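Values below: all heavy atoms of this structure, side chains included; hydrogens, waters and symmetry mates excluded. Whatever order the structure lists ligands and atoms in, that order sets their numbers, starting from 1. Because the structure is a prediction, the values reported are computed rather than measured.
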Amino acid sequence: MNAPRILSGIKPTGRPHLGNYFGMMQPAIAWQDRGQAFYFIADYHALTTVQDAAALRQHTRDAALDFLACGLDPSKAVLFRQSDVPEVTELAWLLTCLTPMPMLENCHAYKDHLARGKVPSHGLFAYPVLMAADILLYDSNVVPVGKDQKQHVEVTRDLAEKANRIFGPIFTVPQPSIVPEMATVIGLDGQKMSKSYGNTIGLFEEEKALKKKVMGIVTDSAPVEAPKNPEVSSIVALYRLVAGEADVGVMESEFRAGGVGYGEFKKRLFGAIWETFAPFRSTRAELAADPSTVEAVLADGAGRARAVADQTMARVRQAMGLR
Ligand code: TYM
């Protein structure tokens, strides 16, 4: 089999957090050695929430910097800005014409929005179609994502199969790739970590801010001496992501035995998060010192992404009877 084409994206709606890192960035970086990887900063998608030009540009640069600092190697993977290949919006329209409304009405991001009493924009409603266009434009085989994006990859598969039935084999049908232990990273309040819930831990928080957040993790009120259940603790869940097996084992048995308070466990968690990201922190500082490096990576990525996109669009327009 040929090397797989791997694709994923991150929305620049704020600084990336531990959920983004463990759910997508770390697995995506691991994939860069196993095939042709295309990763992008989804600025068109971010417009459903960020409607401030300066903020969007800043978040887009920051997300690219964070990805590079964490180990994305631009000599292996293509890193680009979604809006640098505007053909994706053309493909989104073509796919929209094949998309049944009920399929989108059933998508959980849209349903959550309604449940919270908000009025969804058409962009939010059609979000999964643009995401399908991202994936299909680059003939992707594998899409590394967190569990919250699984439904969107399923929509993509359905649309690709439908288009292939109607117009012939124009699209590659992708597979999601979800790492089970990292599928849903828990936030400070025990819910899924998410920018929209305000419960995130950023990858590159200042030391004091990071400590404050970790010390603020919500726990029950069990006293120091009481045995505690590690299986329901957000502290342990997060510690598993950043500490070695032996240290996790020690924390779990101390939970069960009692005699250690949540404050002590939180300090240990803080230390492990700080250590995990320390090497990336110094790389990030070096990269940030010269903004032209990131711009050059994105410009080069845009060219390489467009070369693939042009071929797909020529094939799709031809098959659909356009031009
Ligand atoms: P975004 O920016 O919300 O999230 C980026 C990636 O991080 C994962 N993630 C999590 N994983 C585990 N636990 C969490 N708490 C957590 N929070 C976020 C997400 O699952 C995601 O993989 N729609 C995408 C961006 C996108 C995209 C695409 C992705 C646009 N087009 C095409 C793949 C393919 C999104 O909202 O990402």
Just to confirm my output: which protein heavy-atom neighbour is closest to [atom], and how far is it?
{"atom": "atom 32 (C) of ligand 1", "value": "Met131 CG, 3.5 Å"}
{"atom": "atom 25 (C) of ligand 1", "value": "Gly9 O, 3.6 Å"}
{"atom": "atom 31 (N) of ligand 1", "value": "Asp134 OD2, 2.7 Å"}
{"atom": "atom 5 (C) of ligand 1", "value": "Asn20 ND2, 3.5 Å"}
{"atom": "atom 13 (N) of ligand 1", "value": "Val185 N, 2.7 Å"}
{"atom": "atom 11 (N) of ligand 1", "value": "Gly19 O, 3.2 Å"}

Using a 4.0 Å heavy-atom threshold (strictly under), name the region of [X] that reaches ligand 1: side chain, backbone, both or neither.
{"X": "Lys11", "result": "both"}
{"X": "Leu7", "result": "side chain"}
{"X": "Met25", "result": "neither"}

Taking side-chain contact (heavy atoms from CB on, under 4.5 Å) as the criterion, tell me which of Asp66, Thr200, Leu65 meets it with Pro16.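 Filter result, single survivor: Asp66.
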Taking side-chain contact (heavy atoms from CB on, under 4.5 Å) as the criterion, tell me which of Val260, Asp247, Ile273 meets it with Arg268.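 Going through the options one by one, the only one that passes is Val260.
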Spatial distance of atom [atom1] ([X]) from atom [atom2] ([Y]) [nearest 0.5 Å]:
{"X": "Leu137", "Y": "Glu87", "atom1": "CG", "atom2": "CD", "result": "7.5 Å"}
{"X": "Met193", "Y": "Asp148", "atom1": "CE", "atom2": "CG", "result": "12.5 Å"}
{"X": "Glu154", "Y": "Met103", "atom1": "CD", "atom2": "CE", "result": "10.0 Å"}

Donor-acceptor contact below 3.5 Å, side chain Gln32 vs main chain Asp73: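 At least one qualifying donor-acceptor pair exists.
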Atoms of ligand 1 close to [X] [distance to a heavy atom under 4.0 angstrom, numbered from 1]:
{"X": "Ile135", "value": "32 (C), 34 (C)"}
{"X": "Gly23", "value": "11 (N), 12 (C)"}
{"X": "Ala183", "value": "11 (N), 12 (C), 13 (N)"}
{"X": "Thr184", "value": "12 (C), 13 (N)"}
{"X": "Ile10", "value": "2 (O), 5 (C)"}
{"X": "His45", "value": "30 (C), 31 (N)"}
{"X": "Val143", "value": "33 (C), 34 (C)"}
{"X": "Met182", "value": "12 (C)"}

With Arg240, the salt bridge (Lys or Arg N to Asp or Glu O under 4.0 Å) member among Glu181, Glu245, Glu252: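 Answer after filtering Glu181, Glu245, Glu252: Glu252.
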Which option out of [options] puts a heavy atom nearest to [atom]?
{"atom": "atom 8 (C) of ligand 1", "options": "Pro176, Gly146, Ser196", "answer": "Gly146"}
{"atom": "atom 24 (C) of ligand 1", "options": "Lys150, Gln149, Met24", "answer": "Gln149"}
{"atom": "atom 20 (O) of ligand 1", "options": "Val179, Asp148, Val88", "answer": "Asp148"}

Gln311, CD: over 12 other non-hydrogen atoms inside 6.0 angstrom: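 At most 12 heavy atoms, drawn from other residues, nucleotides or ligands, come within 6.0 Å of this atom.
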May I ask whether [X] places a heavy atom under 4.0 Å from ligand 1?
{"X": "Gln82", "result": "no"}
{"X": "Ser8", "result": "yes"}
{"X": "Tyr127", "result": "yes"}

Are the ring centres of [X] and [Y] closer than 6.0 Å?
{"X": "His113", "Y": "Phe125", "answer": "no"}
{"X": "Tyr127", "Y": "Tyr110", "answer": "no"}
{"X": "Tyr239", "Y": "Phe255", "answer": "no"}

Could you go through Tyr21 and Phe277, starting from their C-alpha distance and side-chain angles, then the distance that decides it, and tell me whether this counts as ring-ring contact (aromatic ring centres under 6.0 Å, His included)? CA-CA 11 Å; Tyr21 179 73; Phe277 293 98; 5.1 Å; yes
According to ring pair (Phe, Tyr, Trp, His ring centres under 6.0 Å), does anything in residues 293-317 pair up with another residue at least two apart or in another chain? List the pairs.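 Non-adjacent pairs meeting ring pair (Phe, Tyr, Trp, His ring centres under 6.0 Å): zero.
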What salt bridge (Lys or Arg N to Asp or Glu O under 4.0 Å) pairs are there with at least one residue in residues 132-146, not counting sequence neighbours?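 Only Asp139-Arg315 qualify under salt bridge (Lys or Arg N to Asp or Glu O under 4.0 Å).
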Ala42 versus ligand 1: do any nitrogen or oxygen atoms come within less than 3.5 Å of each other?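 No, Ala42 has no N/O under 3.5 Å of an N/O on ligand 1.
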